[in-house]
Amino acid sequence: MKELNQIHLQILQMIFEVYDKHYLKDSTFKSERFLMPLIELIETDLNAYVSRDPAAKNHQYVLDSYLTFKAVLWYRVAHTLLTLDASFITVARMISENAKSFSGIEIHPAAKFGIGLVIDHGTGIVIGETSIVGNYAYLLNGVVLGANGIADNRAGYQRHPMIGDFFECAANVKILGAVSIGNYVKVGADCRIDYDLDDNSISYCKAIVETYRDYDSVKIDSISSLTKEQVDIAGRNLKVIDECVWVNDNQEEIIVPFEQTNLGGITVLLKGFITKFNWVSVILKRKGRVIVRASLSL
């Protein structure tokens, strides 16, 4: 095997730890042809940790102390085994299950991630079997890339999200179904996404919502920004809304168009208005009376 530096040697030692724990004695797994691409792939993940996570002091610090990085490394080994030979599905799944036990991170070995994967904090992450994620993804804790159904989902079909490069996902986000997420997409904390997102989209669900007592039946579950020109408001009984008003930075009320959605919400279209702001306030009215007032962080 070609000469390895200290970082490569430690990565190799961590790979052999996975082998030893799962009785992988086949000489194929220890050949240079098999190991070198795997080491180089894991090194791109390590470099991404150091360059993108401000808490990652240096390469050695991550190697010695980050269980999230260890979980990514174990996923890389499991996925590489499965790619080599589908008959290794059982041992690959064992590696995945054991990684979950020490890290709280569950990545199905058949899920596909590009280079430079970073998982930050990590606990509660679940990545489904048919998930496809591009290069340089950055995921926080509680992220689920799951299916739309619960039991009896059809095997052999795309059930999970397909996501592009440079995806950034904050804590406790659920992305469900075979949705298509573009490149350079950012999703803020606590969002539930079951629809496609275009390149460069931003989806945040942090909102301050006030529902007036006369219309208690109108409830807002979440407000998210697909782009800075389009805001989705999901909730209950929003069909009673007959006017949507945007309050701009000068506190001027401007009536904006909106569309009913099939999910019990509305989409507010801000296209054509000034959208250079950090917060947008939206007022929903019925017969001229305010029934919901919400502020959304963009």
Side-chain angles (χ1 to χ4, degrees), residues 1-53 55-129 131 133 135-143 145:
M1 184 175 292
K2 73 178 185 180
E3 186 176 350
L4 302 176
N5 63 34
Q6 184 58 43
I7 296 297
H8 293 156
L9 287 172
Q10 190 162 350
I11 290 173
L12 180 62
Q13 183 180 3
M14 294 171 75
I15 292 171
F16 283 166
E17 176 191 356
V18 183
Y19 289 177
D20 292 342
K21 287 183 179 296
H22 299 89
Y23 309 104
L24 292 167
K25 298 179 180 179
D26 190 316
S27 60
T28 303
F29 307 140
K30 298 186 178 181
S31 68
E32 181 174 355
R33 181 171 173 271
F34 181 83
L35 284 172
M36 285 311 302
L38 181 56
I39 291 171
E40 291 169 0
L41 176 59
I42 293 168
E43 185 181 28
T44 64
D45 298 327
L46 179 61
N47 290 336
Y49 268 84
V50 175
S51 64
R52 304 192 71 192
D53 179 4
K57 310 301 183 186
N58 52 57
H59 293 75
Q60 197 62 53
Y61 179 74
V62 174
L63 283 169
D64 291 342
S65 63
Y66 272 46
L67 287 181
T68 56
F69 174 75
K70 185 177 179 181
V72 169
L73 183 145
W74 281 44
Y75 155 72
R76 294 297 193 192
V77 174
H79 182 75
T80 301
L81 290 172
L82 195 57
T83 302
L84 177 71
D85 189 334
S87 68
F88 288 116
I89 181 61
T90 300
V91 68
R93 187 59 187 258
M94 288 171 60
I95 293 170
S96 171
E97 293 293 315
N98 287 331
K100 178 174 66 174
S101 70
F102 69 71
S103 68
I105 298 167
E106 179 179 352
I107 308 176
H108 194 286
K112 298 176 182 177
F113 280 90
I115 64 173
L117 170 61
V118 177
I119 293 179
D120 195 354
H121 303 296
T123 304
I125 281 180
V126 179
I127 309 296
E129 178 184 22
S131 300
V133 184
N135 298 324
Y136 297 105
Y138 198 111
L139 310 180
L140 294 183
N141 50 291
V143 170
L145 304 184

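Figure legend: cation-pi geometry between K30 and F16, with NZ or CZ positioned under 6.0 Å from the six-membered ring centre and within 45° of its axis.
The closest donor-acceptor contact from the side chain of T68 to the backbone of I119 lies under 3.5 Å. Checked by atom type and distance alone, the side chain of N141 never pairs as donor or acceptor with a backbone atom of T123 at under 3.5 Å. Side-chain N or O atoms of D85 include none that pairs as donor or acceptor with a backbone N or O of F88 at under 3.5 Å. Between the R76 side chain and the I39 main chain, no donor and acceptor come within less than 3.5 Å of each other. Between the side chain of Y136 and the backbone N or O of L117 there is no donor-acceptor pair closer than 3.5 Å. Proximity of a side-chain donor or acceptor of H108 to a complementary backbone N or O of A110 within less than 3.5 Å is detected.
With L73 as reference, I42 is the one residue of I42, L41, L46, L38 to meet the side-chain contact (heavy atoms from CB on, under 4.5 Å) rule.
Side chains of Q10 and Q60: a donor-acceptor N/O pair is present below 3.5 angstrom, by distance only. D120 and Y49 are not linked by any side-chain donor-acceptor pair at a separation below 3.5 angstrom, with hydrogens and angles left out of the test.
In terms of heavy atoms, A71 sits closest to I105 at CB-CD1, 4.0 Å.
In this structure, W74 has its ring center no closer than 6.0 Å to that of H79. A distance of 6.0 Å or more separates the ring centres of Y61 and F69.
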